[in-house]
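Some notes on the structure that comes next.
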Amino acid sequence: MKAVILVGGFGTRLRPLTFSIPKPLLPVGEKPLLQIVIEQLRGYGIDEVILATGYQAELIHAFCGDGSRFDVDVSYVHEEEPLGTAGPLSLVREQVAAGGRFILMNGDVLTRLDFSRMIDFAERGDFELTTGYTTYVYESPFGVLSLDGDRVQGIVEKPRSEYPISAGIYVVSPTVLDVVPDGFFTMPELMSALVAARRPVGAFHIEEFWIGLETITRFDEAIEELQTLSVELERPL
């Protein structure tokens, strides 16, 4: 099975770190993030990885090479200009057209997701696109009033709202490539186009640990999670 990993972003929210190192190569504990992701995918039988590069592509190439160091085949496509989260699919048409479903994921997420469960979900549901989602809880720091004109009807102290959010991990059928234009295109646009055409789009709940690495604080959280996982693996059964 194949995976397409988006590794072309500028990592602007992690500057100055990303002035010299692309975000996917920033260390999370003892390994670069991208190495952790590739090795995790390999553990679920994904042996072909296509990296969609952009910013500092030469460093990605130098680190990953042909993928032999990870025991997978690595190939590359390059964004001459930013193409969004779905636009890079226009660059991999030939590589994925003849195969079955493949993984598409952002290169800045870390998760304990069981990819085999998500792939099985996509296949059983016969979804052309399956988006992994997790939940985001927003807690207001204030008491929220319920008003009727200038009268207070009630107050809720620091209410919590929970939202399903895209986790940046997808199982994609090559059949969706007919919707992807050349140029800039996003996953929300792709999903909206498929839904409007009444083509099946599935939602898979990622219940395991998941984190998007947008800030230094999030990297610290990811390192803590990896340390916890290492301790668990070292415990005798």
Side-chain angles (χ1 to χ4, degrees), residues 1-11 22-24 33-34 37-38 40-42 44-57 60-61 64 66-67 72-109 111 113 115 118-123 125-134 165-204 206 210 212:
M1 191 172 190
K2 298 178 181 179
V4 178
I5 307 177
L6 307 179
V7 294
F10 290 99
K23 189 200 297 191
L33 170 60
L34 183 56
V37 171
I38 292 175
Q40 183 184 21
L41 291 170
R42 182 194 63 204
Y44 286 99
I46 294 162
D47 54 8
E48 295 183 53
V49 174
I50 303 169
L51 299 178
T53 63
Y55 177 64
Q56 294 185 325
I60 302 286
H61 277 260
C64 294
D66 63 1
V72 298
D73 292 326
V74 172
S75 59
Y76 303 85
V77 293
H78 183 68
E79 302 176 48
E80 295 297 337
E81 57 185 29
L83 295 179
T85 48
L89 290 175
S90 67
L91 304 178
V92 301
R93 287 192 177 99
E94 292 185 4
Q95 291 98 315
V96 301
R101 290 177 174 83
F102 61 93
I103 297 290
L104 171 68
M105 66 181 293
N106 297 344
D108 62 353
V109 297
T111 180
L113 168 65
F115 283 88
M118 184 173 176
I119 294 165
D120 181 63
F121 173 86
E123 291 177 343
D126 199 25
F127 296 114
E128 290 192 75
L129 175 66
T130 300
T131 178
Y133 76 94
T134 185
I165 61 168
S166 173
I169 303 173
Y170 312 90
V171 179
V172 185
S173 167
T175 57
V176 308
L177 296 178
D178 65 345
V179 180
V180 179
D182 294 336
F184 190 89
F185 197 56
T186 67
M187 287 306 296
E189 288 176 310
L190 175 57
M191 279 187 267
S192 296
L194 292 172
V195 170
R198 299 184 179 276
R199 295 168 65 171
V201 177
F204 179 81
I206 297 175
W210 174 93

Sidechain-backbone polar pair: Q40 side chain, T111 backbone, donor-acceptor under 3.5 Å: yes
Residue pairs involving residues 165-182 (criterion side-chain hydrogen bond (donor to acceptor under 3.5 Å, both in side chains); sequence neighbours excluded): R93-D182, E128-T175, S166-Y170, S173-T175, D178-R199
Nearest-0.5 Å distance, CG of residue L33 to CD1 of residue I38: 9.5 Å
M105 and L41: CA distance, side-chain angles, deciding distance, side chain to side chain contact (heavy atoms under 4.5 Å, CB included) verdict: CA-CA 11 Å; M105 66 181 293; L41 291 170; 4.1 Å; yes
Min side-chain heavy-atom separation I103-M118 under 4.5 Å: no
Heavy-atom pair of closest approach, residues G107 and I5: CA-CG2, 3.7 Å
Minimum heavy-atom distance between V74 and G67, given as atom pair plus value: CG2-CA, 3.4 Å
Closest non-hydrogen atom pair, F204 against L113: CE2-CD1, 3.7 Å
Atom pair NZ (K2) and CG (D73), whose distance is rounded to the nearest 0.5 Å: 10.0 Å
Any side-chain heavy-atom pair of L190 and V180 under 4.5 Å: yes
Interatomic distance, I206 atom CD1 to I169 atom CD1 [nearest 0.5 angstrom]: 4.0 Å
side-chain hydrogen bond (donor to acceptor under 3.5 Å, both in side chains) involving H78 - partner list, sequence neighbours excluded: T53
Where A97 and P174 come nearest, the two heavy atoms and their spacing: O-CB, 4.0 Å
Smallest separation among heavy atoms of V7 and I60, with atom names: CG2-CG2, 4.3 Å
Candidates L83, I50, L51, V4 - the one meeting side chain to side chain contact (heavy atoms under 4.5 Å, CB included) with P88: L83
Euclidean distance, F115 CZ relative to R42 CZ, rounded to 0.5 Å: 13.5 Å
Closest approach of T85 to L6 (non-hydrogen atoms, all atoms of both residues): O-CD1, 3.4 Å
Rounded distance (nearest 0.5 Å) linking atom CG of L104 with atom CG of L89: 5.0 Å
Residues which pass salt bridge (charged side-chain N to carboxylate O under 4.0 Å, His left out) with D120, listed by chain and number, not counting sequence neighbours: R124
Working for side chain to side chain contact (heavy atoms under 4.5 Å, CB included), residues T130 and R101: CA-CA 10 Å; T130 300; R101 290 177 174 83; 5.9 Å; no
Y44/I119 under side chain to side chain contact (heavy atoms under 4.5 Å, CB included): CA gap, chis, key distance, verdict: CA-CA 10 Å; Y44 286 99; I119 294 165; 5.9 Å; no
CA sep, side-chain torsions, deciding dist, call: I165, T134, side chain to side chain contact (heavy atoms under 4.5 Å, CB included): CA-CA 6 Å; I165 61 168; T134 185; 3.7 Å; yes
pair V96-V172: side-chain heavy atoms closer than 4.5 Å: no
Pairwise distance CG(L194) to CZ(F127) - rounded to 0.5 angstrom: 12.5 Å
